[in-house]
Amino acid sequence: MRRPLPWRDTSDPYRIWVSEVMLQQTRVVAAVPYYERFTKRFPDVKSLAEAPEQELLACWSGLGYYSRARNLHRSAQIIVEMGGFPENFKKIRSLPGIGDYTAAAIASIAFGLPHAALDGNVLRVLSRLSNDAGDIRARETRERISALASRLLDRKNPGDFNQAMMELGATLCSPKRPQCLLCPVSPECEALAVGRQNQLPVKLRSAQTVRLEYTLLLVRRNGCFLLRQRNADSGNLVGFWEAPCTADLPAARMGREVGRFKHSIMHHEYRVTVRFASVVKCPPGFRWIGAGTLEQLPLTTATKKALKLL
DNA sequence: AATTCGGGGTT
DNA sequence: AACCCAGAATT
């Protein structure tokens, strides 16, 4: 059942750290190609610490949750100052971008320390195993399940134990229609025993999706595109480059439609229309960017998708 | 304790 | 179309 994953070939804490951060709220299949590229470009802590942020973000562009990349960068610099990768839970946990889960994962996998890692998979597996109907997002429930995880933890092999628990959640003990017939611990599963496996875990509160639409403009001239770098006022995606929307260029002349795509962010779903447009002069805040240099810049995913339509 | 942060595959 | 992913930081 053990899936061959690129970060399982190493005991290098740096690589395990990078993989764990990439896997925060991100599926394994999505993270793999990013991990390969990232570790090739930044093979160790030092190379990451010294990298320009724009290069880092360009490498992360499309993976989402960009504060992960910025925190990874800051932490790399802290680790260099510390003189090496921290080797106990408390120090690992203190690094920016590392919470309880990631600290436990690194401590157990890279250093063999007895800390149970509690991610979405493990919460699901254990809520079923113990037939716990508490809200999985409530602190009380998490503490109860965390205590159970610590009790079950194989203290001689915590890294394998943690990964096996997550593997079980990712493969058999899935959110819907768990494959209990194939599950090695089904005889111990209290939810299965009373037929509640499909009702667990209980998770309350989820905002409903908001649908919006807008138009992105591709303004091309002499092999360049009109782009803008998001500044500190834009709130999110600061430092990323993007194409203008219609509100940015009220005076632009519209050209033909290039295409459409959907783009989802959190509980927002955007329907984006892409059109060609032209302007008389470069509007304030925008710059002409050569088409050849685009891939070296961190582009917003929406802009990336728009350009891909060409 | 509740929100926010990206994006995309699954069901 | 809802759900949820090898979560963390901020409010």
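- A donor-acceptor contact shorter than 3.5 Å is absent between the side chain of A/Arg128 and the backbone of A/Pro201.
- What separates CD of A/Glu269 from P of C/dA2 is a distance of 9 Å, to the nearest Å.
- Among the atoms of the strands shown, base atoms are found under 4.0 Å from some heavy atom of A/Arg3.
- Note: A/Phe240 and A/Tyr66 meet the aromatic proximity criterion, with ring centroids under 6.0 Å apart.
- Between A/Leu63 atom CG and C/dA6 atom C1' the separation is 13 Å, expressed in whole Å.
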request  = Please test A/Lys46 against A/Glu50 for salt bridge (Lys or Arg N to Asp or Glu O under 4.0 Å), starting from the C-alpha separation and ending with a verdict.
outcome  = CA-CA 6 Å; A/Lys46 187 164 177 287; A/Glu50 293 171 350; 3.1 Å; yes
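- For the residue pair A/Asn71/A/Arg68, the side-chain donor-acceptor check at 3.5 Å is not satisfied.
- Residues A/Arg41 and A/Glu55 are paired through a salt bridge, judged by an N-O separation under 4.0 Å between the basic side chain and the carboxylate.
- Among the heavy atoms of the strands lying under 4.0 Å from A/Ile98 are primed sugar atoms or P, OP1, OP2 only; no base atom is included.
- Between the side chains of A/Gln179 and A/Ser174, no donor-acceptor pair of N or O atoms lies under 3.5 Å.
- Qualifying side chain to side chain donor-acceptor pair (under 3.5 Å) partners for A/Asp132, counting only residues two or more places apart in sequence or in other chains: A/Arg144.
- The separation of B/dG6 from C/dT11, taken at their P atoms, amounts to 15 Å, rounded to a whole angstrom.
- Here, B/dG9 and C/dA8 have their C1' atoms 22 Å apart, quoted to the whole Å.
- Between the side chain of A/Asp160 and the backbone N or O of A/Asn157, no donor-acceptor pair lies under 3.5 Å.
- At whole-Å resolution of the value, CE in A/Met266 and C1' in C/dA8 are 12 Å apart.
- Spacing of P atoms, C/dA6 relative to B/dT4, comes out at 24 Å, to the nearest Å.
- Side chains of A/Pro283 and A/Asp248 form no contact here, defined as non-hydrogen atoms less than 4.5 Å apart.
- Looking at heavy atoms from C-beta onward, A/Arg8 lies in side-chain contact with A/Arg2 at the 4.5 angstrom threshold.
- Looking at A/Tyr34 and A/Val18, their side chains never come closer than 4.5 Å, going by heavy atoms from C-beta outward.
- The listed nucleotides are C/dC4, C/dA9, C/dA6; the one nearest the side chain of A/Lys203 is C/dC4.
- Aromatic ring centres of A/Phe42 and A/Phe38 lie closer together than 6.0 Å.
- Within the structure, the side-chain hydrogen bond (donor to acceptor under 3.5 Å, both in side chains) test picks out the following pairs touching residues 296-310 of chain A (sequence neighbours left out): A/Ser61-A/Lys304, A/His263-A/Lys305, A/Thr300-A/Thr303.
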request  = Step by step, work out the salt bridge (Lys or Arg N to Asp or Glu O under 4.0 Å) result for A/Arg230 and A/Glu242.
outcome  = CA-CA 7 Å; A/Arg230 294 174 67 89; A/Glu242 63 183 358; 3.1 Å; yes
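- DNA chain C lies under 4.0 Å from at least one heavy atom of each of the following residues of residues 107-123 of chain A: A/Asp119, A/Gly120, A/Asn121.
- For DNA chain C, the residues of residues 17-25 of chain A within the heavy-atom distance limit of 4.0 Å (strictly under) are A/Glu20, A/Leu23, A/Gln24, A/Gln25, sorted by number.
- Not a single side chain to side chain donor-acceptor pair (under 3.5 Å) links A/Glu295 to another residue, sequence neighbours left out.
- First and last contacts of DNA chain B with chain A, using any nucleotide atom under 4.0 Å from a protein heavy atom and ordered 5' to 3', fall at B/dA1 to B/dT11.
- Within the nucleic acid shown, A/Arg74 has no heavy atom closer than 4.0 Å to any nucleic acid atom.
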task = Starting at the 5' end of DNA chain C, write a dot or bracket for each base, bracketing those in Watson-Crick or G-U wobble pairs whose two distances are under 3.5 Å and using | for partners on another strand.
result = |||||.|||||
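- No side-chain N or O of A/Gln24 forms a donor-acceptor pair with one of A/Tyr101 less than 3.5 Å apart.
- Proximity of a side-chain donor or acceptor of A/Asn162 to a complementary backbone N or O of A/Ala117 within less than 3.5 Å is detected.
- Applying a 4.0 Å cut-off to non-hydrogen atoms, the residues of residues 301-309 of chain A that approach DNA chain B are A/Thr301, A/Lys305, listed by residue number.
- Using a 4.0 Å heavy-atom criterion, one finds that A/Gly62 contacts the sugar-phosphate atoms exclusively.
- At a threshold of 4.5 Å between non-hydrogen side-chain atoms, the residues A/Asp12 and A/Trp17 do not count as touching.
- Hydrophobic cluster of A/Leu294: the remaining members, joined at side-chain heavy-atom separations below 4.5 Å, are A/Val210, A/Leu212, A/Tyr214, A/Leu216, A/Leu218, A/Phe225, A/Leu227, A/Trp241, A/Val258, A/Phe261, A/Ile265, A/Met266, A/Tyr270, A/Val272, A/Val274, A/Phe276, A/Ile289, A/Leu297, A/Leu299, A/Leu307, A/Leu309, A/Leu310, listed by chain and number.
- Comparing A/Ser174 and A/Arg27 against DNA chain B, the residue whose closest nucleotide sits nearer the 5' end is A/Arg27.
- For the pair A/Leu204 CG and C/dC4 C1', the interatomic distance rounds to 15 Å; values are reported in whole Å.
- Scanning residues 161-168 of chain A for heavy-atom distances under 4.0 Å to DNA chain C yields A/Met166, A/Glu167.
- Applying a 4.0 Å cut-off to non-hydrogen atoms, none of the residues of residues 130-150 of chain A approaches DNA chain C.
- The side chain to side chain donor-acceptor pair (under 3.5 Å) search around A/Arg37 returns none, not counting sequence neighbours.
- Put simply, A/Ile79 and A/Phe111 are part of the same group of oily side chains (I, L, V, M, F, W, Y) that touch within less than 4.5 Å, one to the next.
- Toward the 5' end of DNA chain C, the nearer of the two residues A/Arg124 and A/Asn71, judged by each one's closest nucleotide, is A/Arg124.
- Counted by atom type alone, A/Arg287 and A/Gln229 present zero donor-acceptor pairs between their side chains at under 3.5 Å.
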